[in-house]
Amino acid sequence: AKLFNVLMRDMIRSGELAGARNVFDEMLRRGVRPTVVSFNTLMSGICKGADLDGANALRGLMAKAGVTPDVYTYGTLMQGLCRVGRIQDAVEIFEEMCERGVDPNTVVFTTLIDAHCKEGDVAAGLELYREMAARGVQMDLVAYNALVNGLCRARDLKAASDIVQEMRNTGLKPDKVTYTTLIDGCCKEGKLDMAMVMKREMLDEGVALDEVTYTALISGLRKAGRSVEAERVLCEMVDVGLEPD
RNA sequence: GGCUAGUGGC
């Protein structure tokens with residue numbers, strides 16, 4: 001079954017959901033029992049296409065096959081729902097998961113935190129963050145980045161840097177995603193000088209800028225009318241071997 | 001345990 005799973009994963013990665021479904025059917029035809037990973041892999045492919053009916057159908061099939069959903073199954077479904085803005089439904093899945101005795105992990109919490117933050121409800125994100133602490137679920141780099149993003153979107157750079165400080169205190173090093181989020185946040189608040197300081201800080205800590213970081217910074221400088229600096233940063237981007245869009 | 005879900009710009 002593992003070989004079939006890997007095959008499905010590769011097809012889904014290249015966007016061939018139909019192919020993945022064929023692999024799944026082929027598995028059944030040959031009498032190979034799909035594992036929970038088989039179902040989860042196919043589920044993630046279906047969810048990427050925002051096909052929630054298909055996802056529910058697969059859940060039914062899973063039940064019929066006597067395969068118990070695990071934290072990945074619920075996490076995948078929640079992400080699928082969040083992607084199309086159905087956060088409330090994702091929260092229901094979250095509750096269902098808890099009722100069935102599956103403990104939510106960092107990934108599941110991050111999915112909800114990120115969804116709330118993107119919807120503009122950082123307060124809800126922070127609430128989940130506290131709930132994680134209460135339940136003893138560890139925050140990791142991705143979880144912190146999602147929160148930092150929410151705070152930046154809420155125009156609360158102060159709170160965002162406080163969170164980054166806390167992140168450092170727990171021994172996590174901000175990565176290029178963290179920095180890009182902060183730099184973009186600074187730019188969108190018109191704090192271009194602060195954005196440039198963050199760029200330096202980032203380099204000082206040995207974190208390299210990538211195309212996303214450069215794009216955020218350059219577009220921020222341009223929008224602020226600081227075209228000379230924008231050009232300078234653009235040249236630097238090319239110098240380090242990156243392609244501007 | 002080994003294959004599956006979560007975070008940044010234009």
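Note on naming: letters A, B, ... go to the chains in the order of the sequence lines (proteins, then strands), and numbering restarts at 1 for each one. It should be emphasised that the depicted structure is a prediction, and the values quoted were computed from it without experimental measurement.
Nearest heavy atoms, A:Leu141 versus A:Lys173: CD1-O, 3.5 Å.
In terms of the side chain to side chain contact (heavy atoms under 4.5 Å, CB included) criterion, residue partners of A:Asp89 (sequence neighbours excluded) are, by chain and number, A:Leu81, A:Arg86, A:Glu92. By the ring pair (Phe, Tyr, Trp, His ring centres under 6.0 Å) test, A:Tyr214 is found to be paired with no residue, residues two or more places apart in sequence or in another chain being considered. For A:Tyr144, the ring pair (Phe, Tyr, Trp, His ring centres under 6.0 Å) criterion is met by no residue, not counting sequence neighbours. For A:Arg130, the salt bridge (Lys or Arg N to Asp or Glu O under 4.0 Å) partners at least two apart in sequence or on another chain are A:Glu127. For A:Tyr74, the ring pair (Phe, Tyr, Trp, His ring centres under 6.0 Å) criterion is met by no residue, not counting sequence neighbours. With sequence neighbours left out, the side chain to side chain contact (heavy atoms under 4.5 Å, CB included) criterion links A:Ala55 to A:Met43, A:Ile46, A:Cys47, A:Leu77. Listed by chain and number, the residues in a salt bridge (Lys or Arg N to Asp or Glu O under 4.0 Å) with A:Arg33 amount to none (sequence neighbours excluded).
Sorted by first and then second residue, the side chain to side chain donor-acceptor pair (under 3.5 Å) pairs with a member in residues 188-197 of chain A read A:Asp184-A:Lys188, A:Asp193-A:Arg226; sequence neighbours excluded.
Only at 4.0 angstrom or more do the heavy atoms of residues 86-97 of chain A sit from any atom of RNA chain B, so none qualifies.
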Quick one: what's the B/S/- string for nucleotides 3-10 of chain B, heavy-atom cutoff under 4.0 Å, read 5' to 3'? BBBBBBBB
Given pairs defined as Watson-Crick or G-U wobble with both distances under 3.5 Å, what dot-bracket annotation applies to RNA chain B, with ( ) intrastrand, [ ] crossing, | other strand and . unpaired? ..........
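A:Met194 belongs to a hydrophobic cluster whose other members, connected by ILVMFWY side-chain contacts under 4.5 Å either directly or through intermediates, are A:Leu157.
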